[in-house]
> 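Below: one structure in structure tokens.
Just so it is clear, the values below take in all heavy atoms, side chains as well, and ignore hydrogens, waters and symmetry mates. The residues of the chain are indexed from 1 along the displayed sequence. Because the structure is predicted, anything quoted here is derived from the model rather than measured.
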Amino acid sequence: MLIIDLTHTMHAEMPVFPGTPQPSFQPIHTISEHGFSQLDIHTYTHMGTHIDAPFHMVADGKTLDELPIDQFVGSASILDLKYLGKKQIDVADLLPHENKIRAVDFVIFDLGWSTKWGQAAFFEEFPCLSLEAARWLIQSDLKGVGMDTCSVDPIDAEVYRIHHTILGKGMIIIENLSGLEEVEAEVFQFQCFPLKIEKADGCPVRALAFC
């Protein structure tokens, strides 16, 4: 079995959503001085490769610790749509993949955007689902939707309609995925387990593809 890491590495200078403070990873104990090493970590719940829980946008939505553990694992398929070169993914772009979408737990969109990670362009005019496409997607029995972009809504969104549509269905969203081009399997096992933090609206994850 081939295991492919779909996760960006977290570090103090990592890209963060505009307006969010940088994370901090400070050694507070060292082997040379204390006999063991330990980091003091300060981060937000939506940094790097991470999950959005329904509660991220929906007032009565479930937090990560309230979701069943099998919400974070299941069959998945990647839709390679980067060839479209579009800023908005419409229902017409999804229909050719309908059978694939209906057959899996997670649909992951490869929009070619992870190649911009670390560049200012990563947060500029990235492709998003249209509202109609999001509404069409939630008609399937999906556990979640994954993206290699920083958000399912446009960077300048003031009302997060796509988030509300997907999270309002009780699904999760996995953002900032990486390495999708390495997955050659049509269907694979996907895992994105978060830390079990009480009342968490989101959490960085180690996303993996088991092929």
> Check whether Q88 reaches the backbone of C128 with its side chain - one donor and one acceptor, N or O, closer than 3.5 Å.
no
> Under a 4.5 Å side-chain heavy-atom rule over Ile, Leu, Val, Met, Phe, Trp and Tyr, are L67 and I138 clustered together?
no
> Might you confirm whether atom CG of D70 has over 12 heavy atoms from other residues, nucleotides or ligands at distances under 6.0 Å?
yes
> Are the side chain of S77 and the backbone N or O of E186 linked by a donor-acceptor pair below 3.5 Å?
yes
> Looking at F122, I'd like to know if its CZ atom is crowded, meaning that more than 12 non-hydrogen atoms belonging to other residues, nucleotides or ligands lie closer than 6.0 Å.
yes
> Return yes if a side-chain donor-acceptor contact under 3.5 Å exists between T165 and R135, otherwise no.
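There is no such pair (donor and acceptor under 3.5 Å, judged by atom type) between the side chains of T165 and R135.
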> Are any non-hydrogen side-chain atoms of C150 and E175 less than 4.5 angstrom apart?
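With C-beta onward as the side chain, the pair stays apart.
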> Rounded to the nearest 0.5 Å, how far does OG of S140 lie from CE of M171?
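It comes to 8.0 Å.
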> Using a 4.5 Å cut-off on heavy atoms from C-beta on, say whether the side chain of I155 contacts that of F17.
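Side chain of F17 against side chain of I155, heavy atoms only: contact under 4.5 Å found.
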> Hey, is the main chain of P127 close enough, under 3.5 Å, to the side chain of W113 for a donor-acceptor pair?
no
> Can you tell me if Q71 uses its side chain to pair, donor with acceptor, with the backbone of K143 under 3.5 Å?
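It does hold such a pair.
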> Closest heavy-atom contact between A200 and A53?
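It is O-CB, 4.0 Å.
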> Indicate the ring-plane relationship of H8 and W117, choosing parallel, tilted or perpendicular according to the 30° and 60° boundaries.
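Correct class here is parallel.
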> Walk me through it: do K100 and L79 pass the test side-chain contact (heavy atoms from CB on, under 4.5 Å)?
CA-CA 9 Å; K100 182 187 291 189; L79 300 190; 3.7 Å; yes
> For A92 versus P96, what's the shortest heavy-atom pair and its separation?
O-CD, 3.2 Å
> Give me the atom names and distance for the closest heavy-atom approach of V73 to F193.
CB-CZ, 3.9 Å
> Examine M10 and L6 and state if one hydrophobic cluster contains both, with Ile, Leu, Val, Met, Phe, Trp and Tyr joined whenever side-chain heavy atoms are less than 4.5 Å apart.
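The answer is no; the residues belong to distinct hydrophobic clusters.
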> Would K199 and D65 satisfy salt bridge (charged side-chain N to carboxylate O under 4.0 Å, His left out), going step by step from the backbone distance to the final call?
CA-CA 6 Å; K199 303 303 180 186; D65 57 309; 5.2 Å; no
> Is it true that atom CZ of R206 has more than 12 heavy atoms of other residues, nucleotides or ligands lying nearer than 6.0 Å?
no
> Is atom CD of E125 surrounded by more than 12 heavy atoms (other residues, nucleotides or ligands) closer than 6.0 Å?
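Check fails, neighbour count at 12 or below.
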> Rounded to the nearest 0.5 Å, how far does CG of L137 lie from CD1 of I166?
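It is 6.5 Å, given to the nearest 0.5 Å.
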> Below 4.5 Å, heavy atoms only, C-beta onward: do D148 and N176 meet side chain to side chain?
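Counting from C-beta outward, D148 and N176 never come under 4.5 Å.
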> Identify whether L2 and V183 are in the same connected component of the hydrophobic contact network (ILVMFWY, side-chain heavy atoms under 4.5 Å).
yes
> For the pair M57 and D52, evaluate side-chain contact (heavy atoms from CB on, under 4.5 Å) and give the outcome as yes or no after the intermediate values.
CA-CA 9 Å; M57 294 280 178; D52 292 356; over 6 Å; no
> What I'd like to find out is whether the side chain of I4 reaches to under 4.5 Å of the side chain of F188, using heavy atoms alone.
no
> Using side-chain heavy atoms (C-beta onward) and a distance below 4.5 Å, is L177 in contact with T7?
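They are not in contact (no side-chain heavy atoms under 4.5 Å apart), so the answer is no.
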> Does Q119 have more than 12 heavy atoms from other residues, nucleotides or ligands lying within 6.0 Å of its CD?
yes
> Ignoring hydrogens, what is the shortest heavy-atom contact between P18 and F123? Give both atom names and the distance.
CD-CD2, 3.6 Å
> Quick one about N99 and H97 (side-chain donor to acceptor, distance below 3.5 Å, no hydrogens or angles considered), yes or no?
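No, no side-chain donor-acceptor contact under 3.5 Å.
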> Looking at T63, is its backbone amide N or carbonyl O close enough to the side chain of E66 to form a donor-acceptor pair, meaning the two atoms are under 3.5 Å apart?
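Yes; at least one donor-acceptor contact below 3.5 Å.
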> Please confirm whether the backbone N or O of G112 pairs with a side-chain atom of D110, one donor and one acceptor, at under 3.5 Å?
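Side chain of D110 to backbone of G112: a pair is present.
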> Would you say D141 has more than 12 foreign heavy atoms packed within less than 6.0 Å of its CG?
no
> What closest approach, in Å, do L64 and C203 show between heavy atoms, and which atom pair accounts for it?
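Scanning both residues, the minimum pair turns out to be CD1-CB, 3.6 Å.
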> Which is it for I174 and V145 under the side-chain contact (heavy atoms from CB on, under 4.5 Å) test, yes or no, and what are the steps along the way?
CA-CA 6 Å; I174 309 95; V145 172; over 6 Å; no
> As an exercise, state the distance from OG1 of T45 to CG of D201, rounded to the nearest 0.5 Å.
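That separation rounds to 3.5 Å.
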> Counting heavy atoms not belonging to F55, are there more than 12 under 6.0 Å from its CZ?
no
> Indicate yes or no: at least one non-hydrogen side-chain atom of E98 is less than 4.5 angstrom from one of W136.
yes
> Under a 4.5 Å cut-off applied to non-hydrogen side-chain atoms, are V104 and V187 in contact?
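The answer is yes, as the side chains (C-beta and beyond) meet within the 4.5 Å cut-off.
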> If two hydrophobic side chains count as joined below 4.5 Å and joins carry through other members, does V205 share a cluster with L195?
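No: no chain of side-chain contacts under 4.5 Å links V205 to L195.
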> Short question: side chain of H34, backbone of F36 - any donor-acceptor pair under 3.5 Å?
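Not a single qualifying donor-acceptor pair exists.
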> Go through D153 and R161 one step at a time and tell me if the salt bridge (charged side-chain N to carboxylate O under 4.0 Å, His left out) criterion holds.
CA-CA 7 Å; D153 278 287; R161 293 186 174 90; over 6 Å; no
> Quick check: closest heavy atoms across C192 and F190, and the distance to 0.1 Å?
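Answer, listing the atom of C192 first, then F190: SG-CE2, 3.7 Å.
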> Between T30 and S37 (side chain of the first, backbone of the second, donor and acceptor by atom type, cut-off under 3.5 Å), is there such a pair?
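Not at all, since once roles are kept as given, no pair shorter than 3.5 Å links the two residues.
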> Do you see a donor-acceptor pair shorter than 3.5 Å between the side chains of H56 and H46?
yes
> Starting at CG of D156, measure out to CD of E124 and round the result to the nearest 0.5 Å.
12.0 Å
> Is there a path of hydrophobic side-chain contacts, each under 4.5 Å between heavy atoms, that joins F210 and I108?
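In one cluster with F210: I108, no.
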> Let me see the working for F106 and I172 under side-chain contact (heavy atoms from CB on, under 4.5 Å), right down to the final yes or no.
CA-CA 9 Å; F106 295 90; I172 59 173; 4.0 Å; yes
> I'd like to check I173 versus H163 (side-chain heavy atoms, cut-off strictly below 4.5 Å). Are they in contact?
yes
> How far does CD1 of I78 sit from CG of L180, to the nearest 0.5 angstrom?
4.5 Å
> Would you say H11's side chain and M14's backbone share a donor-acceptor pair under 3.5 angstrom?
yes
> Distance check, rounded to the nearest 0.5 Å: K87 atom NZ versus F126 atom CZ?
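Reported value, rounded in 0.5 Å steps: 9.5 Å.
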> Has S75 got a side-chain atom pairing as donor or acceptor with D105's backbone, closer than 3.5 angstrom?
yes
